[in-house]
There are 2 protein chains.
Amino acid sequence: MTSVTEATPGSNAQRERRRRILDATIALADSGGFDAVQMRAVADNADVALGTLYRYFPSKIHLLVTALGRQFERAEEQSRNRQVPGDTAHERVMYILGHTTTALQKQPELTEALTRAFMFADASVADEIHFVGMKLTAMITRAIDGTDENREPTEEDTAIVRVISDVWFTALMGWVTGRTQAEDVTKSVDVAVRLLLR
Amino acid sequence: MTSVTEATPGSNAQRERRRRILDATIALADSGGFDAVQMRAVADNADVALGTLYRYFPSKIHLLVTALGRQFERAEEQSRNRQVPGDTAHERVMYILGHTTTALQKQPELTEALTRAFMFADASVADEIHFVGMKLTAMITRAIDGTDENREPTEEDTAIVRVISDVWFTALMGWVTGRTQAEDVTKSVDVAVRLLLR
DNA sequence: TCCAAATCTAGAACGTGTTTCAATAATCAT
DNA sequence: ATGATTATTGAAACACGTTCTAGATTTGGA
């Protein structure tokens, strides 16, 4: 995967181009959502030719999911440095997901763009998707385990995290596609977490 | 909603056209998945003009999600007439979802087309989506309640059904997009059901 | 430094979802 | 039955993701 994690290869100019492309993508997504991220517009705003854009990212979906990965990486980094407050696993998980949800909902267009791309992604984007999944899993797992830094997550923890992620994603998808209200996202997750962490 | 449930309005000729369109959609989806459902091809196969197709269904997504609704309606009808075998709620839910999953996986192209459409759907397709959700909820709820036909589902039952649906859908989505194996779908659901129905 | 290979650019071109339009056909109220 | 309204048709046109091409530019090794 040409992930944002690896020391990005290529010359300086190439790393610069890549950064400009992802910046332009985020900016366009933030202003007008999925539809506003038009490949010609991205290329223009990033000052590269359309063909070059396609050399860096083989499709609009790759582009957006990679951008999503960059965002999640930053979010996970931030959350890693702070102690998660809350006395129970339920409280801690809701703290993290509630916060993240609220943050996402403050940039609805951007979230719509990135979520839609995630939904669209097929096997050719598996690596990028996996990267995002890892970040999310790490955040939730850390919240479940709480202060106990060294606790090895059990099988069951992993399973629970998976289910919570699924519920969160589905709820987010409902909101992004305009089928449910913003509050419903957190509410759905809360119900699921209550059922699972008891 | 111009649902498949309501006594479909319009003249005989119109009902016929509508049926031909949905039949052509299913046939094309079954043969080549989402990409094979091209609006021009649907119109040709259904013997209507492209403009007419768009008068009946305002977008490819509406078309596919309506088709999905018709399929689910049939599945739910069938399941309604049979007693769900199994001694525990877990067994019964897995029977229903396992069966449905297997059936879907026998028509991978069709399932890919319908699931992708479902993922794509925005607010303008809310009614059709809701219709599909109702059918699925009905099937799972019946499985949880088992033989006790008259048992009123509790709040908790409803919440559990929602979570199971989310997990099932996410797993199906992973399979449809080629990111996970066929068996993983049933496996994921089984793990979730075990966590929830204990 | 110089050459070959790789990369980048500008722009045309293609495919498919969607829109539009003028002409024709079907339906419905009187 | 007739005129008005509505539905259907066939075809053109548009938008945007994607592909392709031919020529410039940059890069990296001898």
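Per chain, numbering begins at 1; letters A, B, ... match sequence-line order.
- Residues satisfying the salt bridge (Lys or Arg N to Asp or Glu O under 4.0 Å) test with A:Arg19, not counting sequence neighbours, are A:Glu16, A:Asp23.
- Residues that satisfy the salt bridge (Lys or Arg N to Asp or Glu O under 4.0 Å) test with B:Asp157, not counting sequence neighbours, are B:Arg151.
- Here B:Phe72 pairs with nothing under the ring-ring contact (aromatic ring centres under 6.0 Å, His included) rule; sequence neighbours left out.
- Tested against A:Val185 for a side-chain contact (heavy atoms from CB on, under 4.5 Å), the candidates A:Thr101, A:Thr170, A:Thr102, A:Val167 yield a single pass: A:Thr101.
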Pair up each side-chain donor or acceptor in residues 39-52 of chain A with any protein partner under 3.5 Å, not counting sequence neighbours, and list the distances.
none

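- With 3.5 Å as the limit, one finds no donor-acceptor pair spanning the side chains of A:Thr115 and A:Trp175.
- Note on A:Asp47: only backbone sugar-phosphate atoms sit closer than 4.0 angstrom, heavy atoms only; bases stay farther off.
- Residues from residues 25-42 of chain A lying near DNA chain D, meaning a heavy-atom separation below 4.0 Å, are A:Val37, A:Gln38, A:Met39, A:Arg40 in numerical order.
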Which nucleotides of DNA chain C pair, in dot-bracket form (Watson-Crick or G-U under 3.5 Å, | meaning another strand): ||||||||||||||||||||||||||||||
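- First and last contacting nucleotides of DNA chain C toward chain A (any atom under 4.0 angstrom from a heavy atom, 5' to 3' order): C:dT7 to C:dA13.
- Remark: B:His130 pairs with no residue by the ring-ring contact (aromatic ring centres under 6.0 Å, His included) rule, at least two apart or across chains.
- Listed by chain and number, the residues in a ring-ring contact (aromatic ring centres under 6.0 Å, His included) with A:Phe169 are A:Phe118 (sequence neighbours excluded).
- Just one of B:Glu128, B:Glu76, B:Glu77 meets the salt bridge (charged side-chain N to carboxylate O under 4.0 Å, His left out) condition when paired with B:Lys135; it is B:Glu76.
- Residues passing the salt bridge (Lys or Arg N to Asp or Glu O under 4.0 Å) test with B:Arg198 are A:Glu156, sequence neighbours excluded.
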Nucleotide N/O to protein N/O under 3.5 Å, stretch nucleotides 20-27 of chain D:
none

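- Applying the salt bridge (charged side-chain N to carboxylate O under 4.0 Å, His left out) test to residues at least two apart or on different chains, the pairs with a partner in residues 102-125 of chain B are B:Glu112-B:Arg116.
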